[in-house]
Amino acid sequence: MKKLFTTLSNIWKIQELKERILFTLLILLVYRFVSHVVLPGVDPTALDANEKSGLLGILDMFAGGSFSRVSILALGVMPYISASIVVQLLGIAVPSFQKMQKEGESGRKKMNQITRYLTVAITIVQSVGYVKTQVPAEAILLPNTLFLVLSTFVLTAGTLFVMWLGEKITDKGIGNGTSLIIMTGIIARLPQAISQEFSARVGSASEGGGPVALVLEIVALFAVVMFTILIVQGVRKVPVQYAKKIVGNRQFGGVRQYIPLKVNAAGVMPIIFAQALMFIPGALMQFVPSLQGSWLVQFSNTTSLAYSLTFAFLIIAFTFFYTAITVNPTQMSDDMKKNGGFIPGVKPGFATSTFIDDVISKITFPGAVFLAIIAILPSLAVKFGIKQEFAHFFGGTSLLILVGVVLDTLQQIESYLLMRHYDGLMKTGRVTGRTGVPAASSNAAL
């Protein structure tokens with residue numbers, strides 16, 4: 001406890017770090033306040049108070065409830081994330097985008113500008129769909145055409161506003177702005193989820209179990225969080241030796257470094273892709289009523305065995321796919337060769353590329369299996385009687401995002417402490433983010 005208070009005191013002594021943390025908290029407070037502002041022309045009392053489920057429930061969770069409240073920030077940062085994913089995939093498949101990626105800072109600025117334009121286009125399309133499908137007709141107080149045009153403009157402006165807030169946090173705050181905004185939306189639902197679970201176990205509306213069951217659930221949640229941290233932080237260090245170069249009286253190179261290959265290099269993307277496919281059977285049954293009594297019904301129940309097994313298989317497949325398109329062993333081998341580096345016992349060039357690819361394949365499989373386990377844990381939690389709202393925090397996309405963002409933010413805070421010659425956040429070791437790089441040497445945190 002003394003170590004904790006000492007660390008907090010050290011954080012407060014660093015003027016720049018203190019200003020960045022306060023600025024970040026202020027921006028997040030503004031975001032949460034604006035997220036409760038309802039679209040113009042909507043009667044809040046006529047809105048459907050039912051909880052969203054499926055894909056809409058995930059979108060509502062990322063938006064911190066703004067989606068179901070018909071807020072001006074209902075779409076949140078999801079259009080920006082979709083645009084970023086599209087641009088990232090284009091950078092792999094389209095030569096002109098690959099060229100921009102290699103142009104350094106100027107190329108990065110061009111791709112960011114393309115991402116912003118694409119965000120506007122995606123937001124306009126999603127705004128029209130949102131107004132048409134998610135806003136009840138009885139809640140609209142304006143003529144339909146006027147309301148559609150006005151809402152499209154306001155929702156697009158709202159997404160751009162959230163994107164601007166995220167960029168301000170990244171530039172002048174602490175941590176990644178977009179990730180922190182998503183994390184804030186997820187955490188905003190935690191108090192309500194705990195309250196519902198407490199009422200179900202201990203309160204007047206108790207369904208059984210009592211305080212003992214609630215304590216066991218908290219312990220299980222803590223264990224799941226620790227397990228998730230192990231997956232996010234897990235790396236396979238490949239040693240790289242750099243040749244010595246003597247220029248004048250100075251020696252360069254001759255040191256051994258490591259390439260940290262992540263056990264879970266794909267992050268949360270496989271779960272997002274798999275969830276998108278798992279919503280197809282439900283959509284088909286809505287458009288084709290005759291299919292409602294078919295075998296597709298079991299895939300609309302997230303707690304069924306068929307759903308869980310299929311979901312897990314898709315996550316494993318997408319983990320290999322996304323890792324293959326984002327991690328390029330050939331480029332890693334070429335960069336290593338240009339800088340005079342080599343893996344001990346492995347020839348430079350094709351042999352190095354094959355070795356790295358083999359290592360990635362070996363560590364990706366257990367990482368994919370563990371990721372699938374984390375993804376289906378919320379369904380297992382519901383099976384054990386945990387409320388759906390609270391079960392979301394036992395795994396899946398929300399838990400991975402929370403763990404990853406917290407680690408990245410702590411990594412940046414620790415880098416400030418170490419630069420000012422203070423102790424880090426832990427007695428032993430150093431906090432590492434999702435990149436697996438210690439805080440003291442992470443360029444992203446400086």
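Values reported hereafter were calculated over all heavy atoms of this structure, with side chains retained and with hydrogens, waters and symmetry mates removed. Note that the structure is a prediction, hence the values are computed from the model and not measured. Position 1 is the first residue of the sequence, and the numbers go up from there.
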Does any N or O in the side chain of [X] come within less than 3.5 Å of the main-chain N or O of [Y], such that one atom is a donor and the other an acceptor?
X      : Y      : answer
Thr352 : Ser333 : no
Thr409 : Gly175 : no
Ser195 : Pro191 : no
Ser398 : His392 : yes
Thr119 : Thr115 : yes
Ser415 : Gln412 : yes
Glu197 : Ile386 : no
Ser71  : Val37  : yes

Worked check of side-chain contact (heavy atoms from CB on, under 4.5 Å) between Leu400 and Leu371: CA-CA 9 Å; Leu400 286 169; Leu371 187 64; 3.4 Å; yes
Might you point out which heavy atoms bring [X] and [Y] nearest each other, and give the distance in Å?
X      : Y      : value
Ser379 : Ser308 : CB-OG, 4.3 Å
Thr323 : Thr319 : OG1-O, 2.7 Å
Ser127 : Leu75  : OG-CD1, 3.4 Å
Phe161 : Val30  : CZ-CG1, 4.2 Å
Ala74  : Phe67  : O-CD1, 3.7 Å
Gly267 : Pro270 : O-CD, 3.6 Å

Aromatic ring pairing Phe394/Phe390, orientation class (parallel under 30°, perpendicular over 60°, tilted between): perpendicular
Parallel, tilted or perpendicular, as decided by the 30° and 60° cut-offs, for the rings of Phe321 and Phe318: perpendicular
Greater than 12 external heavy atoms within 6.0 Å of Asn144's CG: no
Phe370 atom CZ: more than 12 heavy-atom contacts under 6.0 Å: no
Any [X] side-chain heavy atom under 4.5 Å of [Y] side chain:
X      : Y      : result
Val238 : Tyr258 : no
Phe393 : Val225 : no
Val403 : Met183 : no
Val86  : Ser82  : no
Tyr130 : Val135 : yes
Lys237 : Leu261 : no
Ile343 : Ile356 : yes
Val42  : Phe147 : yes

Criterion side-chain contact (heavy atoms from CB on, under 4.5 Å) on Ser35 and Arg69, from CA distance to verdict: CA-CA 9 Å; Ser35 67; Arg69 287 193 296 266; 3.6 Å; yes
How far does [atom1] of [X] sit from [atom2] of [Y], to the nearest 0.5 angstrom?
X      : Y      : atom1 : atom2 : result
Lys172 : Thr24  : NZ    : OG1   : 12.0 Å
Leu165 : Leu160 : CG    : CG    : 11.0 Å
Phe313 : Leu309 : CZ    : CG    : 11.5 Å
Trp164 : Tyr80  : CH2   : OH    : 15.0 Å
Thr123 : Met163 : OG1   : CE    : 8.0 Å
Leu314 : Ile271 : CG    : CD1   : 12.0 Å

Identified side chain to side chain contact (heavy atoms under 4.5 Å, CB included) partner of Ile122 from the options Leu118, Val120, Ile124: Leu118
Tyr31: which of Leu180, Leu26, Ile181 passes side chain to side chain contact (heavy atoms under 4.5 Å, CB included): Ile181
Gln331/Asp334 under side-chain contact (heavy atoms from CB on, under 4.5 Å): CA gap, chis, key distance, verdict: CA-CA 5 Å; Gln331 183 178 355; Asp334 293 341; 5.5 Å; no
side-chain contact (heavy atoms from CB on, under 4.5 Å) between Val131 and Leu155, worked out: CA-CA 10 Å; Val131 173; Leu155 289 171; 4.0 Å; yes
Steps toward salt bridge (charged side-chain N to carboxylate O under 4.0 Å, His left out) verdict (Arg116, Glu167): CA-CA 12 Å; Arg116 291 188 180 98; Glu167 292 178 351; 2.9 Å; yes
